[in-house]
Amino acid sequence: MNAFIKPLAQTDDSVTISRADYDAMVALLADAEDIRDATAVAAKLVARETEAYPVEVMDRLLDGDHPVRVFRDHLGLTSQELAGRAGISRAYLSEVENRSKPGSLKAMTKLAAALNIPLDLLAPQ
């Protein structure tokens, strides 16, 4: 798009522009919205009102991997280390990660605390 948009026609209450100029304006508006959103997220990160995770973590969650396992792997913890931090047995942690047991609210709360993540990140979707 040129620095100046050339109207094809105009009246007191309307302006007609080319499709190329219109498409360029729509793209610029989308870019401005993206910048606004990124700035808002950056401010929340600085204020510690939200967390950011690597794309690999998000991909695994979207692929359906158990969130406890995903965040445990992300932190580089063994199952024994996480179980110890959470005060649950390694066998129970394994059952939760393998989805053979859903995990009680008490256990999931302990796991979230041990992983230093909000409990809602461990909630089933």
Side-chain angles (χ1 to χ4, degrees):
M1 179 174 112
N2 295 333
F4 299 100
I5 295 174
K6 297 179 185 178
L8 300 176
Q10 62 186 49
T11 66
D12 288 342
D13 59 317
S14 68
V15 176
T16 303
I17 61 174
S18 70
R19 168 55 79 173
D21 284 345
Y22 172 79
D23 291 343
M25 287 175 55
V26 169
L28 287 171
L29 178 59
D31 290 346
E33 290 172 344
D34 290 346
I35 291 168
R36 181 199 64 212
D37 292 345
T39 301
V41 169
K44 286 186 174 205
L45 286 167
V46 168
R48 297 193 167 281
E49 294 173 1
T50 192
E51 294 287 330
Y53 300 102
V55 69
E56 296 82 11
V57 168
M58 303 315 295
D59 284 344
R60 287 187 60 197
L61 293 171
L62 291 171
D63 287 343
D65 289 3
H66 197 287
V68 171
R69 178 66 188 261
V70 171
F71 287 106
R72 178 172 69 78
D73 288 347
H74 172 64
L75 294 174
L77 298 173
T78 66
S79 57
Q80 189 65 46
E81 290 169 326
L82 179 56
R85 286 185 184 188
I88 63 173
S89 73
R90 193 190 100 23
Y92 184 64
L93 173 60
S94 177
E95 291 174 325
V96 169
E97 288 184 344
N98 292 317
R99 290 191 165 88
S100 55
K101 289 196 176 171
S104 68
L105 178 58
K106 184 177 179 180
M108 297 306 273
T109 301
K110 288 178 175 185
L111 286 166
L115 293 165
N116 196 30
I117 61 172
L119 178 59
D120 63 337
L121 289 178
L122 300 183
Q125 302 298 321

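Remark: Arg36 engages no residue in a side-chain hydrogen bond (donor to acceptor under 3.5 Å, both in side chains) (not counting sequence neighbours). Legend: residues meeting side chain to side chain contact (heavy atoms under 4.5 Å, CB included) with Ile35, ordered by chain and number and at least two apart, are Thr39. Partners of Arg69 by salt bridge (Lys or Arg N to Asp or Glu O under 4.0 Å), not counting sequence neighbours, listed by chain and number: Asp73. Taking Val26 as the reference, Tyr22 meet the side chain to side chain contact (heavy atoms under 4.5 Å, CB included) condition, with sequence neighbours excluded. Under the side-chain hydrogen bond (donor to acceptor under 3.5 Å, both in side chains) criterion, Asp13 pairs with Thr11, sequence neighbours left out. In terms of the side chain to side chain contact (heavy atoms under 4.5 Å, CB included) criterion, residue partners of Glu81 (sequence neighbours excluded) are, by chain and number, Leu77, Thr78. Qualifying salt bridge (Lys or Arg N to Asp or Glu O under 4.0 Å) partners for Arg48, counting only residues two or more places apart in sequence or in other chains: none. A search for side chain to side chain contact (heavy atoms under 4.5 Å, CB included) contacts involving Arg90 returns Ser79, Gln80, Ala83, Ser94, not counting sequence neighbours. Contacts of Glu56 classified as side-chain hydrogen bond (donor to acceptor under 3.5 Å, both in side chains), with partners at least two apart in sequence or in another chain: none.
Residue Arg19 holds its CZ atom at 5.0 Å from CG of Asp23, rounded to the nearest 0.5 Å. Here the CD atom belonging to Glu97 is positioned 8.0 Å from the CG atom belonging to Leu111, to the nearest 0.5 angstrom. With rounding to the nearest 0.5 angstrom, the CZ atom of Arg72 is 6.5 Å from the CG atom of Leu82. Leu115 contributes atom CG, which lies 6.0 Å from atom CG of Leu75 (distance to the nearest 0.5 angstrom). From Arg60, atom CZ reaches atom CG of Asp63 across 9.0 Å, with rounding to the nearest 0.5 Å.
Chaining together hydrophobic side chains whose heavy atoms lie under 4.5 Å apart places Val41 alongside Leu45. Residue Leu29 shares its hydrophobic cluster (ILVMFWY side chains chained together at separations under 4.5 Å) with no other residue.
At most 12 heavy atoms of other shown residues, nucleotides or ligands fall within 6.0 angstrom of atom CG in Asn116.
Under the 4.5 Å side-chain contact rule for hydrophobic residues, Val68 and Leu105 share a cluster. Ile17 and Leu8 fall into different hydrophobic clusters, where Ile, Leu, Val, Met, Phe, Trp and Tyr are joined by side-chain heavy atoms under 4.5 Å apart, directly or via other members.
Side chain of His66 to main chain of Val96: a donor-acceptor pair is present (N/O by atom type, distance under 3.5 Å, no hydrogens or angles).
Listed by first and then second residue, the salt bridge (Lys or Arg N to Asp or Glu O under 4.0 Å) pairs that reach into residues 101-110 are Glu95-Lys101, sequence neighbours excluded.
A pairwise comparison of heavy atoms in Pro118 and Tyr53 identifies CD-OH, 4.4 Å as the closest pair. Shown here for Tyr92 and Ala107, the closest heavy-atom pair between the two residues is CE2-CB, 3.5 Å. For the residue pair Pro102 and Met108, the shortest heavy atom distance occurs at O-SD, 4.2 Å.
In this structure, the side chains of Pro67 and Leu121 stay at 4.5 Å or more apart for every pair of heavy atoms.
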